[in-house]
Amino acid sequence: MTGTRDGRKNTRLQWHRANRGWSRSELARQVTRSIAVEQDKDFVPSPEVTEDMVKAWETRHGTDKAYAKHLCLLFERTAQELGLLTDAELALEPPPAQHPGSERRSGMVDRRVSFEVQEVVTVMRGRPEAGWGAALQAARVPVKPEHKEALESCHSRRASADPKAVQAYIEIVAAQRSLYWSTAPTLLLGAARAHLDLGTTLLASDPADRPELASAVAECALLVARLAFFDLEGHDELALEAFSVAEAGVTRAQDHSLAVAVAAHQAFVPGFDRRLADARPFLVSAERQWRNSGQNPLVRAWVHCVYAEVCARGDHISESQHHLTRAQEFLAKSDGAAPLWLDFFDSTRFAGFAGSTALLAGEFDAAIDWLQQSLDGLGTDDGKQRAVLLLDLAAAHAADSPEHAVDLAIQACEILERDYYQAAVDRIPTVRASLSTAPAATRLYDRAYHLLHIQGPVNRI
């Protein structure tokens, strides 16, 4: 029999169940179904797994190996990751082998993480293994001298997660969070990937198992995923892998708040492809994590906005409007306080969500009102979001005022030439299509050509 160590509660299994948005009774149904589908000969006749059995697995009792096998299949995790191994079984694990190059076993997940330390193209070409320092310098990340010494020492030894190095790592994650709004995405992606590589190494050698380090690594992975999916073209595989690392990090840290961000961001991947059914489990997971995280109303408002956009992209308009209404209700309850990672949402950004979803629903007058309200409230440093709003506003004005629509779209192009953002560039063809019969459309075609055919490849790593 496998089981929780020394009779302790199996919080790992509880976490993964909650992360799927499953109740205990739902997990019982899933295990029963898995046994039937696999035609498992260990169970003759096929058993009926009960909610009480799941409760026993998660609390004081162990889990029979026959059931553990199906739990691993369901969650796509190892028995170790699900907390199903005894101390004696854990002691059998061989020490992790260190490999030269990019593929090394991460202590955060029980599988290889294929992040290669990538040099920032413009400053590190021809300098193999230049490492995190050059990438951070290229991205202009401020590093205190004493922190730089600690990090360099740790990176060279690949073995020490001392408190100074951990604190330095966390501070750089915070710096990169703020740099997202002002740094070229290719440059920041190179720095963030190198920093993520360092973070997984720190975690692998962290005897204290510090949750704050695991959370920082998860946030760094989330930044990599955001840059790869929203900012740049052609990095979807990297985004998915980074999301996986982020999910493992919040699991290790038991950081329910950041888990909301990881789950909701993942919903955009199928959501942008109009696959609402595939996006729902992530959104359900985000709601579950929110209930366990202190229930910040601003965070819940953002999750409802993500729901609204994904539903609108999937043509579920009434459901989208329902979530916008719920978002407004939670915004009214908020005092503005939010976790540090939520630096991209407030009442102004809500208006942008509302405008974009109204546009997707074909409600152009409402879209214009919301989008203009959001534009008026943006700060001077919000170039990426301003470009998105200008293009959505151009699409909303295309039918009744094509000249004005072209002017708005060209303003967006001017911003994107300085601050490239793939999620905004992807909107340009839609605007052009909505202006296909307007003589003014030629101006937009000429101005956008550089962005659509030249700028994108230049910004790839």
Side-chain angles (χ1 to χ4, degrees), residues 122 180-188 227 229-236 268 272-274 309 312-313 315 344 348-349 351-460:
T122 56
Y180 176 79
W181 304 107
S182 58
T183 304
T186 48
L187 199 61
L188 186 56
L227 288 162
F229 183 74
F230 294 100
D231 291 63
L232 296 166
E233 185 180 12
H235 294 307
D236 287 356
F268 281 116
F272 274 28
D273 286 338
R274 303 165 65 91
E309 179 169 344
R313 287 178 179 272
D315 295 326
F344 47 78
T348 295
R349 298 300 181 92
F353 270 103
S356 295
T357 52
L359 178 64
L360 289 167
E363 299 173 353
F364 299 129
D365 290 340
I368 289 169
D369 291 341
W370 281 117
L371 293 167
Q372 191 60 58
Q373 178 181 328
S374 186
L375 275 169
D376 292 342
L378 283 183
T380 56
D381 295 331
D382 294 324
K384 293 180 179 181
Q385 186 64 19
R386 188 174 296 277
V388 169
L389 295 172
L390 284 168
L391 287 165
D392 283 350
L393 193 58
H397 276 297
D400 64 348
S401 183
E403 286 283 350
H404 181 49
V406 170
D407 289 339
L408 292 168
I410 288 177
Q411 289 179 46
C413 290
E414 291 171 353
I415 293 172
L416 293 171
E417 286 167 356
R418 299 190 305 269
D419 301 314
Y420 188 84
Y421 187 43
Q422 187 63 41
V425 172
D426 287 343
R427 284 164 155 80
I428 294 176
T430 300
V431 177
R432 283 174 48 190
S434 66
L435 291 164
S436 59
T437 60
T442 303
R443 286 197 295 128
L444 176 58
Y445 179 85
D446 292 341
R447 189 57 184 264
Y449 181 86
H450 175 72
L451 283 168
L452 293 171
H453 300 285
I454 301 175
Q455 185 72 19
V458 169
N459 275 276
R460 294 174 186 160

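Any value given below was found using the heavy atoms of this structure, including those in side chains, with hydrogens, waters and symmetry copies removed. The residues of the chain are indexed from 1 along the displayed sequence.
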Might you point out which heavy atoms bring [X] and [Y] nearest each other, and give the distance in Å?
X	Y	value
Ser434	Ala395	OG-CA, 4.3 Å
Gly355	Ala367	O-CB, 3.5 Å
Gly352	Leu371	O-CD2, 4.1 Å
Ala351	Trp370	O-CB, 3.5 Å
Leu391	Ala412	CG-CB, 3.6 Å

Side-chain ([X]) to main-chain ([Y]) donor-acceptor, under 3.5 angstrom:
X	Y	value
Ser356	Phe353	no
Ser374	Thr348	yes
Arg274	Arg313	yes

Look at Arg386 together with Glu414 and state whether they make a salt bridge at an N to O cut-off of under 4.0 Å.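 Not counted as a salt bridge, because no side-chain N and carboxylate O are separated by less than 4.0 Å.
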
From [X] [atom1] over to [Y] [atom2], what is the distance, rounded to the nearest 0.5 angstrom?
X	Y	atom1	atom2	result
Leu416	Gln411	CG	CD	12.0 Å
Leu408	Leu389	CG	CG	11.0 Å
Leu227	Tyr180	CG	OH	6.0 Å
Leu378	Gln385	CG	CD	6.0 Å
Leu393	Leu359	CG	CG	9.0 Å
Cys413	Leu444	SG	CG	5.5 Å

With under 30° as parallel and over 60° as perpendicular, where do the rings of Phe230 and Phe268 fit, or are they tilted in between?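 Perpendicular, since the angle between the ring planes exceeds 60°.
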
Any donor-acceptor pair under 3.5 Å linking the side-chain atoms of Asp426 with those of Gln422?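 Short answer, yes.
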
Is any side-chain heavy atom of Glu363 closer than 4.5 Å to a side-chain heavy atom of Thr357?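 Heavy-atom side-chain distance check fails, nothing below 4.5 Å.
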
What do the steps show when you test Asp376 against Gln372 for side-chain hydrogen bond (donor to acceptor under 3.5 Å, both in side chains), and what is the final call? CA-CA 6 Å; Asp376 292 342; Gln372 191 60 58; 3.0 Å; yes

